[in-house]
Amino acid sequence: MEAEALPSSSVGQRGSQDGFMDRQLIKHVLKRRDWGARVTVCGWVRTRRDSKGGFSFIELNDGSCLANLQVLADGSLPNYAADVPRLHPGAAIRVAGELRASPGSGQALELFARELVVFGFCEPADYPLQKQRISFERLREVAHLRPRTNTFGAVLRVRNTLARATHNFFQSNDFYYLNTPIITASDCEGAGEMFQVTTLDLDALPRTPEGRIDYAQDFFGKKTGLTVSGQLEGETYACALGRIYTFGPTFRAENSNTRRHLAEFWMIEPEAAFFDLDDNAALAEAYLKHLFAAVLDECGEDLTFFNDRIDKTLLDTLNTLRASHFSRMTYSEAVACLEKSGRAFEFPVAWGAELQSEHERYLAEEHCKGPVIVTDYPATIKPFYMRLSDDARTVAAMDVLVPGVGEIIGGSQREERLDVITARMNASGLQVEDYGWFLDLRRFGSVPHAGFGLGFERMVQFCTGMQNIRDVIPFPRVPKWAEF
RNA sequence: UCCGGCGUAGCUCAGUGGUAGAGCAGCCGGCUGUUAACCGGCUGGUCGCUGGUUCGAGCCCAGCCGCCGGAGCCA
């Protein structure tokens with residue numbers, strides 16, 4: 001092989017004319033078939049296999065896709081003997097070379113290295129990610145390194161596609177992206193416990209003459225916390241601009257220890273004026289199906305990986321759902337269905353009681369065998385802001401239940417009648433004066449409107465088959481865990 | 001928070017009262033256009049912590065800590 005001089009790539013040096021354009025991402029390189037072309041890639045070594053014939057195979061991954069690029073490094077490299085034997089999993093390198101058809105069976109092409117530069121070696125004795133299988137539980141303890149694994153790289157790529165598809169869907173349906181506050185004094189009733197935000201000295205709390213904590217001296221002059229929902233603020237913009245959606249972090253200080261709860265998670269909350277419950281359900285269904293289609297169309301390689309390694313039914317499920325019609329039933333119909341099921345549930349089924357997890361699971365996983373939208377819940381088990389129906393027993397609530405994950409969406413048509421909502425607030429023991437601005441929406445030009453909240457991580461779970469929600473968010477926050 | 005399970009080598013796990021084991025990883029050697037590479041050897045442990053029972057505890061008991069699953073709360 002003739003030693004042809006290649007222009008030295010500038011990564012890690014200054015003064016490049018082309019900037020980042022002078023090296024390629026592996027996902028693009030893997031599609032090329034222009035043998036002999038000069039290519040420069042940068043990435044992390046996944047594994048190395050040596051031939052005593054004087055050359056080595058290096059599996060290189062740069063995160064741009066699941067697949068690795070096979071690099072062939074041989075003795076014509078001046079630093080072959082010095083550097084290549086030290087390239088253990090995790091080492092970071094740049095390779096410039098020529099594309100070649102691979103004679104081996106596992107890959108169509110390989111990069112024959114003409115230049116190999118090591119950015120950083122990776123000592124195997126200390127590096128947690130070796131070639132052996134590692135449990136997800138263990139990987140949570142090395143959350144700064146787990147994105148270098150196949151699974152977590154794939155999760156992030158799917159998550160990214162879901163985020164982009166969320167914006168695409170709402171933007172193309174004329175919803176405005178609205179940023180609602182992270183710190184708020186309004187507690188969206190029924191949504192959960194709030195994390196308190198304060199600058200008060202906890203060792204020397206100021207007190208009022210009555211002995212209570214004097215929040216007038218706190219940073220905001222009142223008691224504040226991290227948002228549990230942007231809904232109330234979202235309604236204000238929906239009742240002005242028509243259609244909005246939020247997509248931001250949400251915080252719940254519940255001591256929830258399950259595979260589908262986080263203390264910090266991301267939620268998408270569309271809110272639309274002139275929408276009734278049926279519009280709301282139609283929006284939810286269209287949105288979910290848009291997301292299924294997006295990951296199927298854009299994340300095929302990653303979904304195939306999840307289908308092979310995590311959940312054998314994933315691709316079938318998503319393909320079926322993208323073109324399906326979601327089941328719909330009222331709460332009353334759901335109760336009747338559960339009663340007729342002949343199942344011995346741990347918790348009794350009765351009209352007026354909450355649907356338990358086992359009930360929701362039966363409806364989604366066995367009766368409907370797919371997503372189901374349950375509507376018109378008893379007013380007594382839902383928050384004050386949901387619209388009271390004419391029967392005065394139910395509210396225009398809606399939950400979307402999906403197999404495996406459970407409740408992925410909760411929403412409602414909002415109560416737009418001032419007299420009705422104040423009566424319900426009083427009945428719930430809420431101080432009407434605390435919600436003045438919220439009630440103004442019902443006082444001035446009130447309109448029917450509706451919205452819902454979708455738990456983003458639950459959607460990522462559903463689209464990847466990942467069992468534990470802590471593995472679909474980069475840095476999970478749960479009780480007793482806030483590392484990284 | 002409640003119920004259940006688990007905690008042993010860097011990782012994944014076996015070991016049910018009598019001198020701590022395997023596979024993988026690592027290191028050394030061999031072999032090979034390899035691809036979860038393979039073959040031989042070597043290295044590697046305060047058995048989560050504290051206390052108790054016992055001649056003797058990884059194993060039995062109690063408390064604590066942590067993790068996992070289920071429930072509740074919810075997205």
Side-chain angles (χ1 to χ4, degrees), chain A residues 46-60 67-74 85 88-90 100-107 110 112 122-142 150 188 190-193 228-231 246 248-269 284 309 345-347 354-361 381-383 399-402 405-411 452-462 467-473 478-481:
Chain A
R46 281 297 173 79
T47 182
R48 186 193 84 240
R49 296 178 293 272
D50 293 328
S51 166
K52 282 299 188 309
F55 54 94
S56 300
F57 300 96
I58 299 166
E59 295 281 340
L60 195 67
N68 302 322
L69 174 66
Q70 177 165 292
V71 172
L72 184 56
D74 77 0
H88 300 289
R100 289 184 173 181
S102 174
S105 58
Q107 60 287 318
E110 62 195 24
F112 183 80
C122 189
E123 281 306 315
D126 305 323
Y127 188 57
L129 305 182
Q130 297 300 331
K131 284 194 284 183
Q132 79 275 16
R133 201 161 290 161
I134 310 175
S135 67
F136 291 145
E137 291 83 2
R138 166 71 186 145
L139 286 170
R140 275 171 222 149
E141 297 169 9
V142 288
N150 286 334
C188 193
E193 287 296 308
V228 294
S229 168
Q231 180 200 319
T246 72
T250 309
F251 308 88
R252 304 272 168 93
E254 301 288 347
N255 191 14
S256 297
N257 248 299
T258 80
R259 61 179 180 83
R260 54 186 189 283
H261 285 89
L262 292 164
E264 175 183 284
F265 62 100
W266 288 68
M267 188 156 66
I268 291 113
E269 294 184 284
R309 304 287 290 271
F345 292 110
E346 185 187 346
F347 293 91
E354 300 271 5
L355 294 181
Q356 302 292 321
S357 274
E358 56 176 346
H359 304 147
E360 296 183 342
R361 238 182 294 121
I381 60 172
K382 289 292 183 183
D399 283 357
V400 181
L401 315 175
V402 296
V405 175
E407 183 181 346
I408 200 166
I409 280 178
F452 60 80
L454 173 131
F456 188 56
E457 283 75 19
R458 290 186 180 175
M459 192 63 195
V460 182
Q461 272 188 283
F462 189 78
Q467 289 292 301
N468 196 305
I469 200 166
R470 295 163 203 193
D471 298 327
V472 297
I473 188 168
V478 295
K480 299 281 189 289
W481 187 261

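In this text, all values refer to a predicted model and were calculated from it rather than measured experimentally.
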So [X], base contact, sugar-phosphate only, or nothing? Heavy-atom distance under 4.0 Å.
X      : value
A:S56  : nothing
A:Q70  : base
A:L72  : base
A:P124 : sugar-phosphate

When rounded to the nearest Å, what value does the distance between [atom1] atoms of [N] and [M] take?
N     : M     : atom1 : result
B:A36 : B:U46 : C1'   : 35 Å
B:U53 : B:G45 : P     : 31 Å
B:G15 : B:G48 : P     : 15 Å
B:G5  : B:G10 : C1'   : 25 Å

Kindly give the atom pairs (protein nitrogen or oxygen, nucleotide nitrogen or oxygen) under 3.5 Å for nucleotides 42-44 of chain B.
none

If pairing requires Watson-Crick or G-U wobble contacts with both distances under 3.5 Å, which nucleotide is the partner of [N]?
N     : value
B:C38 : B:G30
B:A22 : B:U12
B:U53 : none

Whole angstrom value for the distance that separates [atom2] of [N] from [atom1] of [X]:
X      : N     : atom1 : atom2 : result
A:I58  : B:U35 : CD1   : C1'   : 13 Å
A:L262 : B:C74 : CG    : C1'   : 12 Å
A:E110 : B:G33 : CD    : P     : 14 Å
A:R46  : B:A37 : CZ    : P     : 13 Å
A:H359 : B:A71 : NE2   : C1'   : 13 Å
A:E407 : B:C73 : CD    : P     : 10 Å
A:L355 : B:C74 : CG    : P     : 12 Å
A:R48  : B:U32 : CZ    : P     : 17 Å

Hey, which of these two, A:R49 or A:I408, hits RNA chain B nearer its 5' end, going by closest nucleotide?
->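 Here A:R49 is the residue nearer the 5' end.
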Determine: side-chain N/O of [X] to OP1/OP2 of [N], distance under 4.0 Å, yes or no.
X      : N     : value
A:Q107 : B:U35 : no
A:S256 : B:C73 : no
A:H88  : B:C27 : yes

Return the set of residues passing ring-ring contact (aromatic ring centres under 6.0 Å, His included) with [X] (not counting sequence neighbours), or none when no residue passes.
X      : answer
A:F251 : none
A:F456 : A:F247
A:F136 : A:F152

Between N or O atoms, less than 3.5 Å apart, protein on one side and nucleotides 66-70 of chain B on the other: list the pairs.
| residue | atom | partner | partner atom | Å |
| --- | --- | --- | --- | --- |
| B:C68 | OP1 | A:R140 | NH1 | 2.4 |
| B:C68 | OP1 | A:R470 | NH1 | 3.1 |
| B:C68 | OP2 | A:R470 | NH1 | 2.6 |
| B:G69 | OP1 | A:N468 | ND2 | 2.8 |
| B:G69 | OP2 | A:N468 | ND2 | 3.1 |
| B:G70 | OP1 | A:R259 | NE | 2.5 |
| B:G70 | OP1 | A:R259 | NH2 | 3.4 |
| B:G70 | OP2 | A:R259 | NE | 3.4 |

Q. Would you call A:F57 stacked on B:G33, i.e. ring centres under 5.5 Å apart with the planes less than 30° off parallel?
A.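 A stacking contact does not exist, since A:F57 is not both close and nearly parallel to the base ring of B:G33.
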Using side-chain heavy atoms (C-beta onward) and a distance below 4.5 Å, is A:I408 in contact with A:M459?
yes
Mind checking what makes side chain to side chain contact (heavy atoms under 4.5 Å, CB included) contact with [X], not counting sequence neighbours?
X      : answer
A:T246 : A:L178, A:T180, A:I244, A:E269
A:S56  : A:R48, A:D50, A:Y80, A:V84
A:A101 : A:W35

The reported gap from CZ in A:R252 to CG in A:L262 (rounded to nearest 0.5 angstrom) is 11.5 Å
Check: A:F345 main-chain N/O paired with A:H359 side-chain donor or acceptor under 3.5 Å: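 Absent.
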Filtered N/O pairs between nucleotides 38-40 of chain B and protein, under 3.5 Å:
none

* So, are A:E59 and A:R49 salt-bridged, with charged N and O less than 4.0 Å apart? ->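 Yes.
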Sequence neighbours left out, what passes side-chain hydrogen bond (donor to acceptor under 3.5 Å, both in side chains) with [X]? Give chain and number order.
X      : result
A:N150 : A:R46
A:S102 : A:Q107, A:E110
A:E358 : none

